[in-house]
Visitor: 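Pasting a structure below so you can have a look.
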Amino acid sequence: MQPLTVSLVQGATRWHDAPANRDYYGALVRRARGSDLFVLPETLLSGFSNDTGASADTMDGEGVAWMRALAAEVDAVICGSLAIREDGIVYNRLLWMRPDGTFEQYDKRHLFRMAGEHTRYGGGNQRLVVELKGWRILPQVCYDLRFPVWLRNRRLASAAGGMDYDLAIFVANWPAPRRQPWRTLLRARAIENLACVIGVNRVGVDGNDLPYAGDSAVIDPVGEPLVECGALEQVATLTLDPAPLLAHRERFPAWMDADSFTLDPG
């Protein structure tokens with residue numbers, strides 16, 4: 001594992017205006033050129049919308065092409081989710097876009113029924129773990145944060161540090177009225193999984209008049225914030241050092257007492 005430089009891109013997503021969002025987020029990313037990884041919010045080209053006819057793109061559409069071009073331009077991985085239509089189903093799809101144009105994808109597993117997301121979107125059933133500079137990274141989307149069984153870090157002898165993942169990333173559109181659960185759960189997921197956690201949320205007000213408080217953060221494995229953003233547009237950059245993470249796992253090996261289980265997503 002090597003030091004990993006990450007930029008949290010906390011922006012005010014424009015409602016149902018993909019061209020404006022491409023220009024807007026592209027400019028924010030270019031401002032922090034030099035990072036290994038840029039993490040952007042959930043549904044970053046549309047806002048969190050159940051109007052899938054207006055918001056959904058396709059895998060060969062302009063949104064994915066833009067992410068590919070931007071990753072190549074800044075020579076870094078770009079991570080964020082888009083509303084993607086595929087075979088007649090719309091997915092809230094996180095893309096892990098590498099600078100060479102290759103990518104991985106993760107379809108949001110847990111759909112936010114309180115806003116009707118489960119009636120308009122298809123859910124995924126496969127966790128994704130990717131690797132960057134020796135870090136094993138679990139990318140997730142918003143409401144997934146509330147489900148610790150799905151996120152449970154497990155012992156994996158073949159991985160660096162002996163764990164399934166070292167860093168969990170949550171891209172989100174998490175409204176301000178629920179900001180306390182967002183802040184609390186980011187810390188809980190870090191502590192219980194002996195991992196670093198990054199959460200990137202949006203700011204501003206969306207087309208449903210929902211306000212967003214940002215609160216994007218980087219949390220260390222004992223639950224302490226390394227970076228905390230406020231409620232305004234911000235690009236925060238830091239370099240994660242693997243040494244404290246590995247040292248914590250060595251001196252506090254709670255994973256040795258964890259329960260074994262098999263996960264069946266159904």
Side-chain angles (χ1 to χ4, degrees), residues 4 6-14 18 21-22 24-26 28-29 32 35-49 55 57 63-64 66-67 70-71 76-84 90-98 103-112 115 117 121 123-124 127-130 132 135 137-147 150-151 165 167-175 178-179 181-183 185-186 189-190 195-204 206 210 212-219 227 229 233-237:
L4 179 68
V6 184
S7 287
L8 285 59
V9 184
Q10 177 176 281
T13 305
R14 280 56 173 157
N21 284 314
R22 291 195 295 267
Y24 173 64
Y25 280 111
L28 291 179
V29 167
S35 294
D36 301 307
L37 170 64
F38 292 87
V39 185
L40 282 66
E42 178 186 22
T43 54
L44 64 108
L45 294 185
S46 61
F48 185 70
S49 171
S55 63
D57 202 349
V64 177
W66 167 78
M67 286 187 75
L70 184 60
V77 173
I78 306 291
C79 175
S81 91
L82 309 177
I84 295 289
V90 176
Y91 297 94
N92 189 337
R93 178 166 291 173
L94 180 146
L95 295 177
W96 180 267
M97 184 64 71
R98 303 183 184 93
F103 66 90
E104 307 293 340
Q105 63 190 50
Y106 164 73
D107 293 332
K108 186 178 182 181
R109 165 67 178 164
H110 301 92
L111 303 177
F112 191 61
E117 187 181 18
Y121 290 80
R127 278 198 345 178
L128 172 68
V129 176
V130 293
L132 182 61
W135 291 73
I137 300 171
L138 178 77
Q140 297 281 294
V141 182
C142 202
Y143 190 45
D144 288 326
L145 178 62
R146 289 184 178 266
F147 299 91
W150 177 249
L151 302 169
Y165 64 87
L167 168 64
I169 292 176
F170 297 89
V171 304
N173 276 211
W174 198 291
R178 294 187 291 277
R179 66 185 294 256
W182 164 256
R183 299 177 72 250
L185 291 171
L186 289 174
R189 298 295 87 90
C196 296
V197 166
I198 291 175
V200 174
N201 191 24
R202 63 158 292 176
V203 295
D206 71 13
L210 281 174
Y212 295 84
D215 292 317
S216 300
V218 181
I219 310 297
V227 167
C229 299
E233 172 191 300
Q234 183 176 352
V235 179
T237 300

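Here, residue 1 is the first one in the sequence, and each next residue gets the next number. The structure displayed is predicted, hence computed values, not measured ones.
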Visitor: Over all heavy atoms of both residues, which pair between Leu45 and Trp66 is shortest? Give the atoms and the distance, please.
Guide: CD2-CZ3, 4.1 Å
Visitor: Search all heavy atoms of Leu8 against all heavy atoms of Gly199 and return the closest pair with its distance.
Guide: CD2-O, 4.1 Å
Visitor: Check the pair Trp174 / Leu186 against side-chain contact (heavy atoms from CB on, under 4.5 Å), numbers first and verdict last.
Guide: CA-CA 12 Å; Trp174 198 291; Leu186 289 174; over 6 Å; no
Visitor: Which heavy-atom pair separates Met67 from Met97 by the least distance, and what is that distance?
Guide: O-CG, 3.6 Å
Visitor: Tell me, please, which residues at least two apart from Asn21 pass side chain to side chain donor-acceptor pair (under 3.5 Å).
Guide: none
Visitor: Do Glu233 and Leu28 have side chains that approach each other closer than 4.5 Å (heavy atoms only, starting at C-beta)?
Guide: yes
Visitor: Can you tell me how far apart OG1 (Thr43) and CD1 (Ile84) are? Round to the nearest 0.5 Å.
Guide: 11.5 Å
Visitor: Over 60° means perpendicular and under 30° means parallel, so classify the ring planes of Tyr121 and Phe48, tilted if in between.
Guide: parallel
Visitor: Rounded to the nearest 0.5 Å, how far does CD1 of Ile198 lie from CG of Leu138?
Guide: 12.0 Å
Visitor: For Asp57, give me all partners under salt bridge (charged side-chain N to carboxylate O under 4.0 Å, His left out), at least two apart in sequence or on another chain.
Guide: none
Visitor: Only counting residues at least two apart or in another chain, list the ones meeting ring pair (Phe, Tyr, Trp, His ring centres under 6.0 Å) with Tyr24.
Guide: none
Visitor: Search all heavy atoms of Arg146 against all heavy atoms of Arg178 and return the closest pair with its distance.
Guide: NH2-CD, 3.9 Å
Visitor: Rounded to the nearest 0.5 Å, what's the gap from NE2 on His110 to CG on Leu145? Could you check?
Guide: 11.0 Å
Visitor: Does some side-chain heavy atom of Leu4 sit less than 4.5 Å from a side-chain heavy atom of Ile137?
Guide: yes
Visitor: Given 3.5 Å as the limit, does a donor-acceptor pair link the side chain of Arg183 with the main chain of Pro181, or not?
Guide: no
Visitor: Mind checking what makes salt bridge (charged side-chain N to carboxylate O under 4.0 Å, His left out) contact with Arg109, not counting sequence neighbours?
Guide: none
Visitor: Would you sort out whether Tyr212 and Asp206 count as a side chain to side chain donor-acceptor pair (under 3.5 Å), showing the intermediate values?
Guide: CA-CA 8 Å; Tyr212 295 84; Asp206 71 13; 2.7 Å; yes
Visitor: How far apart are the C-alpha atoms of Gln10 and Asp215, what are their side-chain angles, what is the distance that settles it, and do they pass the side-chain contact (heavy atoms from CB on, under 4.5 Å) test?
Guide: CA-CA 9 Å; Gln10 177 176 281; Asp215 292 317; 5.7 Å; no
Visitor: Can you name the side-chain contact (heavy atoms from CB on, under 4.5 Å) partners of Val29, sequence neighbours left out?
Guide: Val9, Phe38, Leu40, Leu70, Val74, Ile78
Visitor: Is any side-chain heavy atom of Ile169 closer than 4.5 Å to one of Leu94?
Guide: no
Visitor: Hey, are the side chains of Phe112 and Asn92 touching, using non-hydrogen atoms and a 4.5 Å cut-off?
Guide: no
Visitor: Gln140: which residues meet the side chain to side chain donor-acceptor pair (under 3.5 Å) condition with it, sequence neighbours left out?
Guide: Tyr106, Trp150
Visitor: Do you know which two heavy atoms are closest between Asp144 and Phe170, and how far apart they sit?
Guide: C-CE2, 4.4 Å
Visitor: On a heavy-atom basis, which atom in Leu111 and which in Gly123 lie closest, and how many Å separate them?
Guide: CD1-N, 3.7 Å
Visitor: Kindly indicate whether the side chain of Leu128, heavy atoms from C-beta on, has any atom under 4.5 Å from the side chain of Tyr165.
Guide: no
Visitor: How long is the straight-line distance from OG of Ser46 back to CG of Leu82, given to the nearest 0.5 Å?
Guide: 8.0 Å
Visitor: Will you find, in the side chains of Ser7 and Ser35, an N or O donor that is under 3.5 Å from an N or O acceptor?
Guide: yes
Visitor: Taking atom SG of Cys79 and atom CZ of Arg98, what is their separation to the nearest 0.5 Å?
Guide: 11.5 Å
Visitor: What distance separates Ile219 CD1 from Arg189 CZ, expressed to the nearest 0.5 Å?
Guide: 12.5 Å
Visitor: Answer yes or no: is there a side-chain heavy-atom contact under 4.5 Å between Val171 and Leu44?
Guide: no
Visitor: Please tell me if the side chains of Glu42 and Thr13 come closer than 4.5 Å, counting only heavy atoms from C-beta onward.
Guide: no
